[in-house]
Amino acid sequence: MKRRRNKHIQNDLFRIYVSAFAEQLDAIKNSARWKVGHRVIRFIELLLGRKPRTLGIDHLQNMTKQYLTEAEYFVESKSAAIGPNILRRHFSHEISTCGFLVSNNDWKTAAQGDVFTALELAAACEKEYGWSCKLIDKQTQLNEPVDLIISLLFEFDVRTLKSSAIKIGWVRSYAEYWIMKPWFESFDIILCSSKKIKDFISEVTKKEAYVFPIATNPTRFAKGVMNPSYKSELCFTGNRWHAEREIEKQLIPYTLPYKFKVFGRGWSTKGAFSSYHEGQLSYENMPDVYASSELILDDSNESTSKWESVNSRIFDVLGMGKKILTNNTQAVEALFENEFPTYGSSEELIDQIDHILGSPKNYTATFELLQQEVLAKHTYTHRAAELNSILELHHGVSNSIAIKISATTDDDLTSWGDYHFAKSLAEAFRESNCDVRIDLKSHWYDEQNSMQINLIIAGLYQYEPEPDKINILWIISHPEQIRTEHLEGFDHIFVASESFAQVLDSKIQNSVSVLHQCTDVNIFYPDSNDNLTPYERLYVANSRHTDRLGIQYSTESQIPLDIIGANWDQIVPSNWVKANHVPNHLLRYYYSTASIIINDHWPSMREHGFYSNRLYDVLACGGQLVSDEVQGLKSFFKGHIHVYEDINSFQNLVRNVKNRKTNEEAIHFIRANHTFNHRVAAILDKIVEIKNEK
């Protein structure tokens, strides 16, 4: 199977070479300049009585043959010879200077998108990590050494830069041209603006590649204001370099009842849009253009849409909360979780314009969700953090972390939720290239503890921070046990509650932030087993001889439950208890097949806004979940949990159990936002911040 897939990729690569040069050949053959020149030269030769000489088209054909030969060589031998991406240099991650290779180092006069993309990422890296960044073009001499070079141009030969810097290629389009360049192997790391590019490069070159989309600078674009001279109902911003753009074929402006404007280079005398051309504007003016337009049109060029890359225009417009239509359907569907308005034909474009401009309120919620998604995931601050993490992974010393829990060697660890939590957390850290260990209480202060970082899961016992280490506390439950006097010495405190984090932040000097609980999607996912009996009303919890709201309401309402848990004797009818204990890795079968799962919180967790980890586990299995009211719970989980506020609402939700249906949307929501990998990423970002401050 592997050999067949590689052969398929090789054939695709060969076709890409043929296609790329055939397109160049056709373009030159059909150009007016070539036709006129060809006829003039032939006429002169005829007058002089000379034999016809080899002309441009002949040279082009010979060049094509040469490149096809090189393509065959690449496919048959070179790609097979390229091994895993073994870095030739080993740096500690101490980046202080960075150069971006772009088409123009003066961003105020530039018209190419690579310049603005580099400008914004550079600014974010300077702000977040204190790097000194500069733009470098082909005319700029790299007089001073830099620690890091990021190239946004496939035609820039990085071998000419006599530098020992880490070299990164950021492939945003034209992936087929990037891999053809002989200097491609000089890059240490490859960033890809889409998954399609990443998969292609990983398969063909065997290089380690990372998905790294373009983004937006929300601070810049939030400053956009309405300018009467830019005001329009329909707006297109983009350059017309040499050929007709696709949108010119699909949109005839004078047939539309909307005020239309075009901004960019190359429109003044060419194409159907020339009479609507409002001139070329600098990058600084774009926020005002978007702010002055009701609907912006995006016409992604072929090299972008072919590789399913999302361009900066889409991120910038959405980040402002404005409306945009794009023809790059596959790209936005691959990157965005929320519904995105697109078009693929002239008819679809006109229909979408009419719908959006005719009933703008109907689309308000759609674009608000897209704006939230952009601001939550696709800003250059996010990209700077991702870049920093990639550099740490490849060129830095991995973090060594000791996860400390309150369980002891005398305990039955399988009964400790903190132990299962720590195991999943440790595995996520290992996936992020960290050296990690779980310490039970009896080993908290072992002298041979060589770990750099202590991550304490708050529990029954208080941990005394070690001054020579980074000490982080994560409060995930039982806030009643937290004493502010025990919090001194921690470099940071994560709290799995918005409200309790605010309380602590107002009382202590420590750095505090919110980090909710999560789930392990390698353990909790939809599954079934014919040997296990599905339950109707499932309740999973140990008694611990404490009042539980779900049990109270069930017994008072005489609604029988199927309980998995210990110590329920004398509290519920004996036939309610189906098992005293089920191994953690088997719980998914019961969550996936139960008609309904009932959850409740310890009183202190409910009072202080902590969400039970069971909520995440059940939703990851697609279970139908009912839980007691905790502040903000319904909105936090996007309505995927049915909430009871009193015994009457409990009865209404639980008594009439419907046929079980897997909640696919809930599964997607959890996997996209609330896994251990998400939490580890946040913790590692905080560790970097702490290291920089120390």
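The basis for the numbers below is simple: all heavy atoms, side chains too, and nothing from hydrogens, waters or symmetry mates.
Residue pairs that meet the salt bridge (charged side-chain N to carboxylate O under 4.0 Å, His left out) test with at least one member in residues 507-530, sequence neighbours left out, are D527-R588. For residues 589-614, every residue pair satisfying the salt bridge (charged side-chain N to carboxylate O under 4.0 Å, His left out) rule, not counting sequence neighbours, is listed here: R548-D600, R606-D628.
A tilted orientation is assigned to the rings of F636 and H674, their planes being inclined by 30° to 60°. Ring planes of Y553 and Y644: perpendicular class, angle over 60° (limits at 30 and 60°). Ring planes of F421 and W474: perpendicular class, angle over 60° (limits at 30 and 60°). In this structure, F315 and H378 have tilted ring planes: the angle between them lies in the 30° to 60° band.
A428 and V680 get closest at one heavy-atom pair: CB-CG2, 3.5 Å.
Partners of D418 by side chain to side chain contact (heavy atoms under 4.5 Å, CB included), not counting sequence neighbours, listed by chain and number: I405, W416, I457, I476. Every residue meeting the side-chain hydrogen bond (donor to acceptor under 3.5 Å, both in side chains) condition with K686, not counting sequence neighbours, appears here in chain and number order: E689. In terms of the side-chain hydrogen bond (donor to acceptor under 3.5 Å, both in side chains) criterion, residue partners of T342 (sequence neighbours excluded) are, by chain and number, T329. Not counting sequence neighbours, the partners of D562 by the salt bridge (charged side-chain N to carboxylate O under 4.0 Å, His left out) test are K578. Under the side chain to side chain contact (heavy atoms under 4.5 Å, CB included) criterion, K323 pairs with L295, I356, P360, Y363, F367, sequence neighbours left out. Applying the side-chain hydrogen bond (donor to acceptor under 3.5 Å, both in side chains) rule to T519 yields the partners D617; only residues at least two apart in sequence or on another chain are considered. E368 meets the side-chain hydrogen bond (donor to acceptor under 3.5 Å, both in side chains) test with no other residue; sequence neighbours excluded. The salt bridge (charged side-chain N to carboxylate O under 4.0 Å, His left out) test applied to E386 returns R383, not counting sequence neighbours. Listed by chain and number, the residues in a salt bridge (charged side-chain N to carboxylate O under 4.0 Å, His left out) with R679 amount to none (sequence neighbours excluded). For E337, the salt bridge (charged side-chain N to carboxylate O under 4.0 Å, His left out) criterion is met by K377, not counting sequence neighbours.
With a 4.5 Å cut-off on side-chain heavy atoms, S557 and R655 count as touching. Contact of the N510 side chain with the H492 side chain is not registered, since no non-hydrogen atoms from C-beta on lie closer than 4.5 Å.
Because its NZ or CZ atom is both nearer than 6.0 Å to the ring centre of Y461 and within 45° of the ring axis, K441 counts as a cation-pi partner of that residue.
Using a 3.5 Å distance cut-off with no hydrogens or angles, the side chains of N567 and S543 do not pair a donor with an acceptor. Under 3.5 Å, the side chains of E308 and S194 contain no donor-acceptor pair of N or O atoms.
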Run the numbers on Y611 and Y616 for ring pair (Phe, Tyr, Trp, His ring centres under 6.0 Å), then give the verdict.
-> CA-CA 9 Å; Y611 306 144; Y616 302 89; 7.4 Å; no
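Other residues, nucleotides and ligands place no more than 12 heavy atoms under 6.0 Å from the CD atom of E665.
Checking each of I470, I453, N471 against I690 for a side chain to side chain contact (heavy atoms under 4.5 Å, CB included) leaves exactly one that passes, namely I470.
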